[in-house]
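Notes to accompany the following structure.
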Amino acid sequence: MKPASAPRRSVLPVLVLALLAALVIAAVWWATRPGPLLIQGEVAAPRVDVSARTSGRVVRIDADLGQRVEEGQPIAGLSNPQLVTAHAAAASGLEVARASEAAAGATRPEVIRAREAELAAAQADLRLAEEQLGRDTGLSQQGLRPQAALDQSTRNLDAAAGRVEAAEAQLDLARAGASPEERDVAAAQVAQAEAALAQRQADLDELEIFAPLSGEVSGRMIELGENVGPGAPLFTIVDLDQAWFTFNLREDLLAGLEMGDQLTIRIPALDREAEAEITLINVQGQFASWRATRATGDFDLRSFELRARPVAPLEGLRPGMSALIQLDR
């Protein structure tokens with residue numbers, strides 16, 4: 001029975017060699033396997049270039065580089081004498097238009113009294129003509145007046161009645177004032193003058209420059225006494241509270257990344273790591289494509305912008321800082 005143990009002793013060295021070979025292969029694979037891919041991005045934040053909508057001379061600067069400003073806060077003031085003069089002229093034009101409208105809607109009392117006097121005189125002439133016609137009629141019946149005199153008295157009566165009607169119409173016109181059409185024209189002129197004044201006031205309001213958002217002044221392009229034109233940049237404001245991380249990735253590195261995923265990002269400038277949520281995966285233009293160098297066996301790859309916003313506020317985070325993430329290959 002002892003000779004049977006020889007084959008067992010010969011199997012043991014083979015198992016040991018196989019185990020050693022497996023360990024060597026595992027060690028080589030571990031040493032040569034590709035490690036995580038380090039991707040570098042940067043911090044970005046919303047920025048706004050503040051400009052004036054009208055020209056003027058800088059007479060006041062209320063904000064400087066590095067200063068924190070709040071939305072609606074005055075940051076500069078301009079001066080433009082021409083706009084002030086134009087505003088005064090528009091205000092005078094409005095007063096004239098309103099006075100014309102008031103004049104169109106009313107008549108002077110003196111005019112009304114004059115028209116009343118004219119009506120009273122015409123009525124007196126009418127009564128006198130009626131009396132004269134009565135006398136001439138009686139005398140004509142007695143044969144003491146010729147027919148021509150009676151006809152003349154009749155014509156005088158008709159003319160007196162016409163003058164009464166005309167005087168009544170003139171009095172009604174004086175009491176009523178301007179016609180509805182004239183009143184409409186006067187009202188339209190007032191509206192036009194009000195619009196012109198509002199435009200001039202809007203121009204004056206543009207001489208006061210306000211911060212369009214809360215943030216930090218990262219650029220100031222004006223000095224006291226300097227003349228600036230419409231649209232010329234005056235300040236640059238960066239909203240540090242809305243900063244985000246941005247990375248440019250080839251499309252073959254996007255596997256496993258989806259909107260809403262969280263990434264661990266290292267910020268060397270702050271010497272810390274932070275969690276951020278992916279908020280944008282957007283393809284970039286053709287200029288950002290990676291081109292294949294071989295005619296076969298390879299293909300072009302587009303580049304994508306990946307944005308991630310910090311889950312919690314990060315004190316000291318500023319645009320331009322580097323941001324690092326690791327992706328498994």
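Please read these numbers as outputs of a predicted model, since none were measured by experiment.
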Same apolar cluster: L37 and L257, side chain cutoff 4.5 Å:
yes
For E208, all residues meeting side-chain contact (heavy atoms from CB on, under 4.5 Å), sequence neighbours excluded
R60, P74, F210
Set of salt bridge (charged side-chain N to carboxylate O under 4.0 Å, His left out) partners for E258, sequence neighbours left out
none
When you measure from the side chain of R272 to the backbone N and O of A274, does any donor-acceptor pair fall under 3.5 Å?
no
Going by distance alone, is a donor N or O of one side chain under 3.5 Å from an acceptor N or O of the other, for E70 and S214?
yes
Atom pair CD (Q73) and CD1 (I209), whose distance is rounded to the nearest 0.5 Å:
13.5 Å
Is the side chain of Q67 donor-acceptor paired with the backbone N or O of D64 at a distance under 3.5 Å, no angle test?
yes
What residues form a side-chain contact (heavy atoms from CB on, under 4.5 Å) with T85, not counting sequence neighbours?
none
Report yes or no: do V283 and L249 belong to one cluster of Ile/Leu/Val/Met/Phe/Trp/Tyr joined by side chain heavy-atom distances under 4.5 Å?
yes
Has N282 got a side-chain atom pairing as donor or acceptor with F304's backbone, closer than 3.5 angstrom?
no
Could you tell me whether a side-chain N or O of N156 sits under 3.5 Å from a main-chain N or O of Q152, the two making a donor and an acceptor?
yes
If I compare all heavy atoms of A243 with all of L317, which pair ends up nearest, and what's the gap?
CB-CD2, 4.1 Å
With a cut-off of 3.5 Å and sequence neighbours excluded, list every side-chain donor-acceptor pair involving residues 187-200.
unit_1: E194; atom_1: OE2; unit_2: R98; atom_2: NH2; d: 3.4
unit_1: Q199; atom_1: NE2; unit_2: D203; atom_2: OD1; d: 3.1

Got a second to check how far L78's CG is from L204's CG, nearest 0.5 Å?
11.5 Å
Rounded distance [0.5 Å steps], CD1 in I278 versus CG in L263:
4.0 Å
side-chain contact (heavy atoms from CB on, under 4.5 Å) partners for T236, two or more places apart
R47, D49, S218, M221
CZ (R309) with more than 12 external heavy atoms under 6.0 Å
yes
Between R163 and E118, does the salt bridge (charged side-chain N to carboxylate O under 4.0 Å, His left out) criterion hold? Intermediate values first, please.
CA-CA 9 Å; R163 287 193 294 271; E118 291 174 357; over 6 Å; no
Backbone of G225 reached by a side-chain donor or acceptor of R57 within 3.5 Å:
yes
Are V238 and W244 in one and the same hydrophobic cluster, where Ile, Leu, Val, Met, Phe, Trp and Tyr link if side-chain heavy atoms are under 4.5 Å apart?
no
Please find the pair of heavy atoms, one from M321 and one from I267, that lie closest to each other, and give the distance.
SD-CG2, 4.3 Å
State the CD-CZ distance between E42 and F247, to the nearest 0.5 angstrom.
9.5 Å
The reported gap from CG in L126 to CD in E131 (rounded to nearest 0.5 angstrom) is 10.0 Å
Can you name the residues that form a side-chain contact (heavy atoms from CB on, under 4.5 Å) with S92, not counting sequence neighbours?
none
Can you tell me how far the CZ atom of R127 sits from the CD atom of Q123, to the nearest 0.5 Å?
6.5 Å
Does the pair L306 and T246 meet the rule for a side chain to side chain contact (heavy atoms under 4.5 Å, CB included), with working shown?
CA-CA 6 Å; L306 184 146; T246 178; over 6 Å; no
Quick check against the 3.5 Å criterion: does E251 have a side-chain atom that pairs as donor or acceptor with the backbone of R302?
yes
